[in-house]
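Encoded as structure tokens, the structure appears first; notes follow it.
To find a chain, count down the sequence lines: A is the first, B the second, and so on, and within it residues start at 1. Quick caveat, the model's predicted, so the values are computed rather than measured.
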Amino acid sequence: MRIATWNVNSLKARLARVEEWLADVQPDVVCLQETKLADGAFPAMAFQALGYDSVHHGEGRWNGVAILSRVGLDNPVNGFGPEDPDPQARLIWATCGGVRIASAYVPNGRSLDDDHYQYKLRWLARLRDQLAASEDPAQAIIVAGDYNIAPTDADVWDPKHFVDATHTSRPERDALAELESWGLIDTFRLLQPEPRLYSWWDYRAGRFHKHEGMRIDLVMGTQSVADRVTFATIDRNARKGQQPSDHAPVIIDIAD
DNA sequence: ATGGTGGCCCGGCCA
């Protein structure tokens with residue numbers, strides 16, 4: 001089973017590229033982030049025509065997450081559940097091909113002194129609480145998405161550039177470590193240990209062409225998923241050419 | 001780089 005995560009930075013602006021990419025890469029499950037669509041505008045029929053069932057949790061102008069699947073799509077849940085709603089559309093769950101899968105768009109944080117940074121840390125803690133309350137780490141579970149955290153300095157083009165900035169701060173990395181202590185593993189790193197492999201490059205200052213990016217898009221899976229990973233890559237081709245997202249897809253294959 | 005580019009959609013906000 002091939003599983004991918006991709007922050008598309010507007011599905012309206014990116015639909016043609018996403019359709020082309022689906023035909024080329026042939027993923028079984030795709031977690032999308034930043035669709036920037038209301039649910040009524042989500043192009044479910046375009047995906048159905050390509051063989052994918054889909055669920056979307058959107059709010060319109062900002063955020064928005066989706067899961068596409070051609071291996072079944074059951075028991076969808078939006079966010080942290082009805083009793084404790086998140087005002088922003090950043091998380092959706094579904095069961096696909098026997099794996100409980102979440103598409104997550106972790107808040108950016110903006111800056112260390114911004115209220116949005118505290119929202120980011122609380123959001124990550126709530127994700128951890130949801131896992132602890134509702135999921136069993138002995139099962140096959142994947143939380144894939146844009147974490148807006150570079151796990152280590154090996155995931156950043158220039159750590160000095162991010163001193164006193166978000167994405168590399170100790171509290172953010174501690175929050176990621178809390179997810180790992182529950183039982184999630186950075187599956188990409190199991191097969192790709194070398195440093196300076198990135199999934200996001202700022203549109204500005206020619207960062208992509210200078211190979212100056214960060215690895216902030218992660219496929220976090222439980223041990224039973226990690227044991228089955230046979231292939232992992234970042235599809236840099238999707239960051240090239242006309243009107244790319246600023247993120248590239250991360251792709252994982254797991255054995256049946 | 002208190003810049004830069006690109007999404008939202010037309011004045012800023014967000015990344």
**Request:** Specify the separation, in whole Å, of atom CZ of A:R207 and atom C1' of B:dG4.
**Result:**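 Result: 8 Å.
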**Request:** Please state how far atom CD in A:Q242 lies from atom P in B:dG7, giving the value in whole angstrom units.
**Result:**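 That distance rounds to 11 Å.
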**Request:** Check side-chain hydrogen bond (donor to acceptor under 3.5 Å, both in side chains) between A:E212 and all other residues, then give those that pass, not counting sequence neighbours.
**Result:**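 For A:E212 the side-chain hydrogen bond (donor to acceptor under 3.5 Å, both in side chains) partners, ignoring immediate neighbours, are A:R207.
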**Asked** Who are the side-chain hydrogen bond (donor to acceptor under 3.5 Å, both in side chains) partners of A:W21, not counting sequence neighbours?
**Response** A:D235
**Asked** Using atom C1' of each nucleotide, how far apart are B:dG11 and B:dG6 to the nearest Å?
**Response**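 Taking atom C1' in both B:dG11 and B:dG6, they lie 16 Å apart.
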**B:dC14 versus B:dC9 - spacing of their P atoms, nearest Å** =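 It works out to 15 Å between them.
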**5′-ward residue of the pair A:H161/A:Q243 relative to DNA chain B** =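 Taking each residue's closest nucleotide, the earlier one in sequence belongs to A:H161.
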**Request:** Determine, for A:R2 against A:D253, whether the closest basic-nitrogen to carboxylate-oxygen distance falls under 4.0 angstrom.
**Result:** yes
**Prompt:** Under the ring pair (Phe, Tyr, Trp, His ring centres under 6.0 Å) rule, what pairs show up with a residue in residues 53-98 of chain A, not counting sequence neighbours?
**Reply:**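 The answer is A:F42-A:H56, A:F80-A:W123.
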**Partner set under ring-ring contact (aromatic ring centres under 6.0 Å, His included) for A:H211, not counting sequence neighbours** =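 Partners of A:H211 by the ring-ring contact (aromatic ring centres under 6.0 Å, His included) criterion come out as none, since no residue qualifies.
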**Prompt:** Using a cut-off of 4.0 Å between protein heavy atoms and nucleotide atoms, how would you tag nucleotides 8-15 of chain B 5' to 3' with B, S and -?
**Reply:** B--BBBSB
**Request:** Using the test side chain to side chain contact (heavy atoms under 4.5 Å, CB included), find all partners of A:S10 that sit at least two apart in sequence or belong to another chain.
**Result:** A:K12, A:A13, A:K36
